[in-house]
Amino acid sequence: TSDKIKYLKNNEQILIEGNIFIKGKNGITIETESASYDKRKQLVTSKNPTKIKDKSGNSILLDMFNYSLIDEKLRSKGYIKITDKYKNKYFFDDVMIDVKENRMAGSNLKVKFNKSTFGNIENDPRLVANSAVITENKSIIDNGVFTSCKKKNGKCPPWKISAKKIIHDKKTKTINYKGARLELYGFPVFYFPKFFH
């Protein structure tokens, strides 16, 4: 639905403007102000800020998107913010969302965990990583760094854990590490082949 719809028969393209609401397969909804639908390619695109909700309860804010109705995959670059049902916030530079499989993958990840996740709301649990694959209840992260130290005027956190692979189980609120290294004030102190908290 939208305020205005224009059908270009020669191009088999539909231009949509104003208060757009799209309901797709598998529970996805898309809200934006301007979009186009290419009937031949079965592709919906928008270069406008967009709000998306999926069946897992994720709320997704994007600068732009391309959504293929054939393979049910949505791609975006630029500002990407995902808030999951546990109130964890994920920021990516680019992302691919597989609507059918209910998973997403992206690069240049920054995560701000819900402050109550690890039992102390005074902390600021956060993580940065090269890439991640996120499902409804798990995040699988490559080359990541985690800390829960309170943020202090941009200063380096007193401690952090870096690892080749990090798995965050959202249900159990557990983080598992493979190839983990604990650093205190920038100096490596311990190496753990496997570690969790």
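Residues satisfying the side-chain contact (heavy atoms from CB on, under 4.5 Å) criterion with E17, sequence neighbours excluded, are K4, S34. Under the side-chain contact (heavy atoms from CB on, under 4.5 Å) criterion, D142 pairs with S131, K165, sequence neighbours left out. Applying the ring pair (Phe, Tyr, Trp, His ring centres under 6.0 Å) criterion to F92, with sequence neighbours excluded, gives no partner residue.
Residues L69 and L62 fall within the same hydrophobic cluster, defined by Ile, Leu, Val, Met, Phe, Trp and Tyr side chains chained together at heavy-atom separations under 4.5 Å. Hydrophobic clustering places I161 together with V189 (ILVMFWY residues linked when any side-chain heavy atoms are closer than 4.5 Å, directly or through intermediates).
Side-chain contact between F65 and I30: present, with at least one pair of heavy atoms (C-beta onward) separated by less than 4.5 Å. Two residues are said to be in side-chain contact when any heavy atoms from C-beta on lie closer than 4.5 Å; I82 and K89 fail this criterion.
More than 12 heavy atoms of other shown residues, nucleotides or ligands fall within 6.0 angstrom of atom NZ in K85. Within 6.0 Å of NZ on K164 lie no more than 12 heavy atoms contributed by other residues, nucleotides or ligands. In Y79, the OH atom is crowded: over 12 heavy atoms of neighbouring residues, nucleotides or ligands sit closer than 6.0 Å.
Aromatic ring pairs are classed by plane angle as parallel below 30°, tilted from 30° to 60° and perpendicular above 60°; the pair F192 and F195 is parallel.
Cluster partners of V145, using a side-chain heavy-atom cutoff of under 4.5 Å among ILVMFWY residues and allowing indirect links, are V128. Through chains of ILVMFWY side-chain contacts below 4.5 Å, I167 is grouped with I140.
Salt bridge absent: K41 and E12 never bring a charged side-chain N and a carboxylate O closer than 4.0 Å. Classification of D93 and K77 as a salt-bridged pair fails, no side-chain N sitting under 4.0 Å from a carboxylate O.
Side-chain contact annotation: Q13 with Y7, donor-acceptor N/O pair under 3.5 Å absent. Judged purely by distance below 3.5 Å, without hydrogens or angles, the side chains of S36 and T45 pair a donor atom with an acceptor atom. No hydrogens or angles considered: nothing links the side chains of T174 and D169 as a donor-acceptor pair under 3.5 Å. There is no side-chain donor-acceptor pair under 3.5 Å between T32 and N48.
Of the listed residues (F196, Y86, F113), just one forms a ring pair (Phe, Tyr, Trp, His ring centres under 6.0 Å) with H168, and that residue is F113.
Screening residues 183-197 for side chain to side chain donor-acceptor pair (under 3.5 Å), with sequence neighbours left out, gives Y177-H197, R181-E183.
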